[in-house]
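Each chain gets a letter, A, B and so on, in the order the sequences are listed, and its residues count up from 1.
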Amino acid sequence: MGGWASAERRRALREQLVAWQRQHGRNDLPWQRPATPYRVWISEVMLQQTRVETVVPYFERFMGHYPQVADLARAELDDVLGLWAGLGYYARARNLHAAAQRIQIEWGGELPEELEALQALPGIGPSTAGAIRSLGHGLPAPILDGNVKRVLARIAGIEGWPGRSPVARELWALSAALVPEEDCRRFNQGLMDLGALVCTPREPACLLCPLASICTARATGTPEAYPTPRPARQRPRRPVRLLLIEHADTLLLERRPASGIWGGLWSLPECPPEQDPLTRAQALGAHCVPTGELPQRHHALTHFELVLQPMRLQWSAAATAVGEPGRQQDWFRPGQEALPGLPAPIRRILRDAGYPIEEGPRGP
DNA sequence: AATGCGGGGTT
DNA sequence: AACCCAGCATT
């Protein structure tokens, strides 16, 4: 950390950042009024790898349903997943639900203050634990999300991709060394706000930065070179055939396995590459005839790209083999009843097929 | 220590 | 098309 071990420099940085946050930071986000540990927790989990603007409407709707830990703890998992549908990373919703039940039982409905206790809960890692303790409880704790990684890497000139352990350790050490005993809530909020508003990935606004005079990356003339980007990765394409089976005004949906992509959500039945779609439909309980084409949809994930190939089929007669063991499937009426929580790309395919599916979070 | 996991916005 | 985002769990 070099010169950052100096107490003088740390103190100057804290004071300038806290003053900047008070004047220019974000102080009106939904989870900041009021900033209770519960609300901070829910927002932090929603914000994992997800942008603020995307989260805001989901957070408001979620709080309307589950204003307290106890409400979430006694909710049905399916309802929680339904409110999460469209946000992605659905394991987050399952972890949230399980953690709420543990908080209710083990902590009397109050989130613990200690980092170790917070991290013992499912879905809470080092950064979310630090955020709950500092932003929620107002106690000192370091955080290290994407914004903070960028800000600290630039200030201290830390080289290397933060996904590598030695680099991450150095960033955590710096974040911890900077944490003030007092005003930690505003200080951490300032780190995040600076990354979001000034110290942006490209074209950082160094002229507006309260830390420009002490910033290592700024002195190099190319601050945007920090942090080192992740190594280029190849992203293979994976074709996935989906069956849109219709019968009168009903549509066949299937629940996904709890683990894996779209875990626990409902979706269109998938047809394995080696299987004939009509044979697959028959195994699901429906003799079918093809009834038309639907456009392909590309769905990019971190490490591969799905090429979704929906096939539209019409139920013609009941098959002898009805259903499959270990799988849950059912007919739904898209126009007349609320559909279960569906992944965003599946909702898009249903829109392509002419069903009245809206974008974004659905109404309460 | 490295990899899998959604979805959207920006450039 | 590539990159990034208020990361965590699993191996």
Next item on the list: Apply side chain to side chain contact (heavy atoms under 4.5 Å, CB included) to the pair A:Met192 and A:Gln189, showing each step before the final yes or no.
Entry: CA-CA 5 Å; A:Met192 293 190 287; A:Gln189 189 65 47; 3.8 Å; yes
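- A donor-acceptor contact closer than 3.5 angstrom is absent between the side chains of A:His247 and A:Gln314.
- Listed nucleotides: C:dA6, C:dC8, B:dG7. Nearest to the side chain of A:Trp262: B:dG7.
- No contact: A:Glu305 has no heavy atom under 4.0 Å from any strand.
- Between A:Tyr89 and B:dG4, a side-chain N or O to OP1/OP2 separation shorter than 4.0 Å is absent.
- Here, C:dA6 and B:dG4 have their P atoms 24 Å apart, quoted to the whole Å.
- Under 4.0 angstrom from either OP1 or OP2 of B:dG7 there lies no side-chain N or O belonging to A:Trp84.
- For A:Arg26 against C:dA6, a side-chain-to-base donor-acceptor contact under 3.5 Å is present.
- Looking at A:Gln21 and A:Arg186, their side chains do bring a donor and an acceptor atom within 3.5 Å of each other.
- Note on A:Leu135: nothing from the nucleic acid sits closer than 4.0 angstrom, heavy atoms only.
- Separating the CD1 atom of A:Ile143 from the C1' atom of C:dC5 is a distance of 14 Å, rounded to the nearest angstrom.
- Nearest nucleotide to the side chain of A:Gln48, out of B:dC5, C:dC8, C:dC5: C:dC8.
- Looking at heavy-atom distances under 4.0 Å, A:Gly86 makes contact with sugar-phosphate atoms alone, never a base.
- Remark: C1' of B:dG4 and CD of A:Gln49 are 12 Å apart, rounded to the nearest angstrom.
- Computed from coordinates, the A:His299 NE2 to B:dG7 C1' distance equals 6 Å when rounded to whole Å.
- Residue contacts for A:Trp31: at a heavy-atom cut-off of 4.0 Å it reaches a base atom on one of the strands shown.
- Residue contacts for A:Ser43: at a heavy-atom cut-off of 4.0 Å it reaches no nucleic acid atom on any strand shown.
- A:Leu191 comes within contact range of no nucleotide atom at all, as no heavy-atom separation falls under 4.0 Å.
- If you check B:dG7, B:dC5, C:dC8 against the side chain of A:Pro345, the one that comes closest is B:dG7.
- The nearest whole Å value for the distance from the CZ atom in A:Arg94 to the C1' atom in B:dG4 is 13 Å.
- Summary of the strand contacts: A:Leu121 and A:Asn147 both lie near DNA chain C, and taking for each the nucleotide with the nearest heavy atom, the more 5' one is attributed to A:Asn147.
- With hydrogens and angles ignored, no donor-acceptor pair under 3.5 angstrom links the side chain of A:Arg202 to the base of C:dC4.
- Using C1' as the reference atom, B:dG9 and C:dC8 are 23 Å apart when rounded to the nearest Å.
- At a threshold of 4.0 angstrom between heavy atoms, the contacts of A:Ala91 with the nucleic acid are absent.
- Residue A:Ser165 places at least one side-chain N or O under 4.0 Å from the OP1 or OP2 atom of B:dA1.
- Taking atom CZ on A:Arg150 and atom C1' on C:dC5, their separation rounds to 9 Å, with Å as the unit.
- Between A:His287 and A:Trp315, the distance from one ring center to the other does not fall under 6.0 angstrom.
- Residue-to-nucleotide proximity on DNA chain B shows that, of A:Glu203 and A:Ile261, the 5′-proximal contact is made by A:Ile261.
- Side chain of A:Arg92 to backbone of A:Val45: a donor-acceptor contact under 3.5 angstrom is found.
- Side-chain contact annotation: A:Glu254 with A:Ser267, donor-acceptor N/O pair under 3.5 Å absent.
- We find that CG of A:Leu47 is positioned 12 Å from P of C:dC8, with the value rounded to whole Å.
- Heavy atoms of A:Ala131 sit nowhere under 4.0 angstrom from any nucleic acid atom.
- Atom pair A:Arg297:CZ and B:dG6:C1' shows a separation of 15 Å (rounding to whole Å applied).
- Side chain to side chain, A:Ser127 and A:Asp145 fail the donor-acceptor criterion of an N or O pair below 3.5 Å.
- Each of A:Glu53 and A:Gln119 was matched to the nucleotide of DNA chain C holding its nearest heavy atom; the match closer to the 5' end belongs to A:Glu53.
- Nucleic acid contact for A:Thr50: base, since at least one base atom lies under 4.0 Å from a heavy atom of the residue.
- Taking atom CG on A:Asn95 and atom P on B:dG6, their separation rounds to 12 Å, with Å as the unit.
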